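Heads up, the thing below is written out as structure tokens.
All of these numbers come straight from a predicted model, not from anything done at the bench. Side-chain atoms are counted along with the backbone in the values below, which use heavy atoms only and exclude waters and symmetry mates. Note that ligands are numbered from 1 as they come in the structure, with each ligand's atoms numbered from 1 the same way.
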Amino acid sequence: MNKQLRPAVIAGNWKMNKTPAETVALINEIKPLVANADCKVICAVPFTGLTAALEAAKGSNIAVGAENCHWAKSGAFTGEISADFLTALGVEYVIIGHSERRQYFGETDKTVHDRTRAALDSGLKVILCVGEQLEDRENGITTELVRLQTKIALKGVSADELKSVIIAYEPVWAIGTGKTATAEQANEVCKAIRNLIAELYGADSANGLTVQYGGSMNAKNADELVAQPDVDGGLIGGASLVAADFAVIVKAASK
Ligand code: PEP
């Protein structure tokens with residue numbers, strides 16, 4: 001982290017977990033534990049829990065996010081949720097391009113770009129997920145691949161709009177597997193993303209960009225990961241569902 005240059009952000013990705021009632025209970029449990037955080041705290045919850053989460057988080061330092069949004073404003077897209085629907089609820093953040101969406105729901109770099117565009121147009125802040133498969137890492141193409149994913153997603157995004165973007169580097173082989181990238185591996189790719197942003201937007205934009213690590217980050221390894229200079233916090237899956245663990249990670253990013 002380098003808090004002089006950019007905010008540290010810990011975001012929970014609840015995935016397909018928690019009913020609205022359970023959402024209220026978990027937010028209420030997390031609230032006092034993170035009240036003194038010296039980093040941004042976000043809970044990204046299922047669509048059906050957004051209203052409950054917003055209500056429960058009101059007046060606290062917890063921001064609420066969604067886990068996806070569609071690229072169109074409205075129309076014949078049965079079962080989808082537009083970015084405007086989210087802003088209308090008061091949602092502040094949206095996760096775009098999570099590897100589970102890429103893996104199970106046909107998400108491509110092009111649709112990640114389209115969703116990012118729609119989210120920014122609607123006034124949402126975006127947590128943009130990029131990351132390599134194990135095979136990519138073994139083939140030595142991690143940096144190239146992550147650069148390409150980032151470049152495509154941000155095509156046409158202005159330097160001013162970039163201020164509403166957080167990039168989450170999430171090696172796919174580390175998500176939900178209990179295998180964490182080493183702190184050095186995490187930092188190396190987060191730094192490569194920052195270097196790309198410097199090439200595309202200049203040093204000020206790069207220095208101001210929050211780049212998170214995600215992939216089996218937990219209460220035990222958070223300290224070491226966020227101590228890296230280019231790791232500005234984390235996107236947390238499993239551990240974000242346990243209030244005490246999430247709070248320890250927030251504490252690590254509050255140092
Ligand atoms: C995630 O869902 O973004 C994630 C990093 O999951 P986990 O922490 O469970 O690996």
Side-chain angles (χ1 to χ4, degrees), residues 8-18 22-23 26 30 34 39-47 49-50 53 62-69 93-105 107 112 115-116 119 125-134 136-137 142 145-146 149-150 153 165-183 185-190 193 210-226 228 230-253:
V9 182
I10 298 295
N13 171 20
W14 290 13
K15 312 193 186 201
M16 197 172 75
N17 291 294
K18 304 294 175 187
E22 290 166 346
T23 297
L26 184 53
I30 292 172
V34 303
C39 66
K40 283 196 188 168
V41 181
I42 304 166
C43 291
V45 311
F47 291 132
L50 285 169
I62 299 174
V64 173
E67 299 174 13
N68 186 29
C69 70
Y93 289 89
V94 63
I95 297 173
I96 304 277
H98 191 276
S99 68
E100 286 151 17
R101 302 232 38 106
R102 294 180 192 254
Q103 187 176 350
Y104 303 124
F105 302 103
E107 190 82 88
V112 169
R115 292 182 206 277
T116 301
K125 294 174 185 145
V126 171
I127 299 176
L128 168 65
C129 300
V130 294
E132 83 286 5
Q133 310 267 354
L134 184 57
D136 303 320
R137 180 162 281 272
T142 297
L145 187 90
V146 166
Q149 289 173 337
T150 307
V165 176
I166 292 167
I167 298 181
Y169 165 55
E170 298 209 305
V172 179
W173 48 271
I175 296 177
T177 58
K179 284 185 198 152
T180 318
T182 64
Q185 284 172 329
N187 194 67
E188 190 185 359
V189 184
C190 290
I193 292 168
T210 294
V211 184
Q212 300 173 313
Y213 167 78
S216 298
M217 195 163 168
N218 58 40
K220 290 204 177 93
N221 59 26
D223 260 329
E224 197 191 353
L225 286 161
V226 299
Q228 295 293 316
D230 284 287
V231 177
D232 307 313
L235 181 56
I236 324 295
S240 71
L241 296 169
V242 180
D245 288 355
F246 188 62
V248 171
I249 300 169
V250 168
K251 208 167 171 192

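Residues that satisfy the side-chain contact (heavy atoms from CB on, under 4.5 Å) test with Gln133, not counting sequence neighbours, are Asp136, Val172. For Asp230, the side chain to side chain donor-acceptor pair (under 3.5 Å) partners at least two apart in sequence or on another chain are Arg194.
Closer than 4.0 angstrom to ligand 1 sit non-hydrogen atoms from Asn13, Lys15, His98, Glu170, Ala174, Ile175, Gly176, Gly214, Gly215, Ser216, Leu235, Ile236, Gly237, Gly238.
When side chains are defined from C-beta on, Leu241 counts as touching Lys18, because their heavy atoms get closer than 4.5 Å.
Under the side chain to side chain donor-acceptor pair (under 3.5 Å) criterion, no residue pair touches residues 237-251, with sequence neighbours excluded.
For Glu132 (side chain) and Val146 (main-chain N/O), no donor-acceptor pair under 3.5 Å exists by modelled atom type.
Separation of atoms CD1 (Ile127) and OG1 (Thr116) is listed at 11.5 Å; rounding is to 0.5 Å.
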